[in-house]
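For reference, the structure is listed below as structure tokens.
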There are 2 protein chains.
Amino acid sequence: MLSSSRSSPIFGPRASDPAPSAHDRVYRGLRSRIMFGQIAPGEALTLRGIGREFDVSMTPAREAVQRLVAEGALSMSASGRVSTPELSNERIEELAALRALLEVELSSRALPRAHMALIERLQTINSTISDVVANRDAVGYIRANLEFHRTLYLRAQAPAMLAMAETVWLQLGPTMRALYTRLRRSEAPHYHRLIIAALKAGDEPGLRLAVRSDVTQGLRMLVV
Amino acid sequence: MLSSSRSSPIFGPRASDPAPSAHDRVYRGLRSRIMFGQIAPGEALTLRGIGREFDVSMTPAREAVQRLVAEGALSMSASGRVSTPELSNERIEELAALRALLEVELSSRALPRAHMALIERLQTINSTISDVVANRDAVGYIRANLEFHRTLYLRAQAPAMLAMAETVWLQLGPTMRALYTRLRRSEAPHYHRLIIAALKAGDEPGLRLAVRSDVTQGLRMLVV
DNA sequence: CATCGGGCCATGTGATCACAAACCGTGGCC
DNA sequence: GGCCACGGTTTGTGATCACATGGCCCGATG
């Protein structure tokens with residue numbers, strides 16, 4: 001995850017990846033599921049089950065799982081059983097603070113490079129979010145929301161920082177679904193519009209505030 | 001690396017770890033070596049070689065390597081060969097910025113909980129650093145320096161954030177050695193003393209500045 | 001003498017297997 | 001009725017093996 005030397009196509013594989021190894025296929029598959037909230041917190045996984053599902057032996061399944069455990073996307077009991085972690089409130093707050101820290105910086109670095117084409121793409125993604133929210137599609141919402149952020153942060157030209165932000169998303173994945181199912185429909189892309197406005201205006205303080213708010217807002221209602 | 005559910009004894013194993021699995025042993029061993037700069041940038045590793053060295057088969061060696069690759073501590077070529085990464089100047093600058101971002105926040109969170117006992121321990125570590133620097137012991141210097149920071153940040157009660165900071169240290173490990181061999185002896189614990197002074201005074205802005213300086217100073221001279 | 005090609009060797013990958021430990025359900029006992 | 005012990009079954013771990021691929025050295029050739 002953190003800056004593998006390979007390309008990291010989180011949102012769908014690239015066109016011409018020559019020969020994706022088995023453990024990479026499994027890793028990507030599980031990673032998407034976790035990041036986009038398709039696995040509930042506390043759900044258990046078994047190596048043989050993963051192997052059956054992806055049609056590989058236990059070896060690649062183990063490597064993929066090990067990697068996700070290392071990234072905090074899965075947790076492993078002392079006996080080696082793996083499951084998606086159930087985050088404590090303190091942990092959720094800490095991860096939200098990390099998102100704020102990293103993503104504010106990323107957006108700030110992206111600002112000077114944000115041209116009109118980027119802003120248009122963000123607006124397109126934003127309207128996708130509206131559609132998907134109207135359909136009560138939690139997974140689609142999370143995916144589109146993260147794509148919005150990722151598209152912006154890619155402009156920051158800071159791969160290590162982006163990788164860390166994605167690791168935080170990954171750790172929050174299972175929890176995020178629980179959040180977005182109880183989300184009010186109307187308020188969804190509110191801060192996103194503020195972000196776009198600040199980008200257009202070249203308003204750095206406004207952008208930092210908008211990103212921080214967008215990132216913090218959702219998570220705050222989760223720690224009841 | 002990132003918040004494994006197990007305890008993470010980076011600086012020497014705990015007393016009563018019941019049955020450390022083989023891949024964990026290998027992982028910890030390689031991780032220390034990398035983080036403390038005992039492996040040069042670009043140095044190659046082989047699974048069978050690691051297996052021989054730690055007296056295990058290829059399987060645990062593979063898992064440990066995979067994990068370190070995921071953390072950015074090792075890089076893997078398209079053909080699967082692993083080596084310690086040779087960082088570009090942009091990457092080094094980015095990682096230094098990450099250190100500043102994360103560690104300033106960590107120190108700031110540790111400040112309200114920093115009591116006298118902690119400050120004394122920091123001073124003890126600091127004198128160790130002076131000794132070790134006098135002996136031109138690069139690895140010892142890096143180890144003691146990181147222990148100084150880690151001791152402070154542990155008080156922040158922010159395990160995910162600390163884990164991310166350690167991941168950055170890990171990525172910088174092989175490069176750090178190259179840095180500290182060309183370090184002037186006298187200036188070593190300068191900013192550390194500023195950090196301790198700010199802690200004693202409860203001076204948060206001063207602490208943030210001192211940490212940022214300490215973290216940035218060394219790395220800056222590396223990007224010639 | 002430089003460059004290209006072929007063949008051997010080392011290396012990573014993934015499958016399979018043996019083993020030990022943990023989990024779960026059942027039955028008995030208090 | 002609740003609690004505990006026990007055995008079958010599931011699960012993770014680590015070793016070993018077969019295979020394909022890439023690297024590297026050496027020799028032949030222009």
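Numbers restart at 1 for each chain; the letters A, B, ... are given by sequence-line order, proteins then strands. From a predicted model like this one, the values you see are computed outputs, not experimental measurements.
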**OP:** Could you tell me the separation between the OH atom of A:Y27 and the C1' atom of C:dG14, rounded to a whole number of Å?
**Re:** 20 Å
Original post:
Roughly, in whole Å, what's the span from CG in B:D24 to P in D:dG12?
Top reply: 16 Å
Subject >> Contact letters for nucleotides 15-23 of chain D, in which S counts primed atoms plus P, OP1 and OP2 and B counts the base, heavy atoms under 4.0 Å >> reply: BB-----SS
Original post:
Roughly how far, to the nearest 0.5 Å, is OG1 of A:T175 from CZ of A:R91?
Top reply: 10.5 Å
Original post:
For the residue pair A:H23 and A:Y27, is the inter-centroid distance of their aromatic rings smaller than 6.0 Å?
Top reply: no
Original post:
B:Q66 CD to C:dT13 P: how many Å, rounded?
Top reply: 6 Å
**OP:** Name the closest nucleotide to the A:H23 side chain, picking from D:dT11, C:dG14, C:dT11.
**Re:** C:dG14
Original post:
Short question: side chain of B:R143, backbone of B:F36 - any donor-acceptor pair under 3.5 Å?
Top reply: no
Original post:
Can you tell me how far P of C:dG12 sits from CG of B:L74, to the nearest Å?
Top reply: 12 Å
Original post:
How about A:R25 and A:V56: do any of their side-chain heavy atoms sit closer than 4.5 Å?
Top reply: yes
**OP:** Could you list the residues that satisfy side chain to side chain contact (heavy atoms under 4.5 Å, CB included) with A:L101, not counting sequence neighbours?
**Re:** B:L101, B:L102, B:E105
**OP:** With heavy atoms under 4.0 Å as the rule, sort B:L45 into base, sugar-phosphate or nothing.
**Re:** sugar-phosphate
**OP:** Could you state the atom-to-atom distance from CG of B:L47 to P of D:dG14 in whole Å?
**Re:** 15 Å
Subject >> Parallel, tilted or perpendicular: rings of B:F148 and B:H192 (30°, 60°) >> reply: parallel
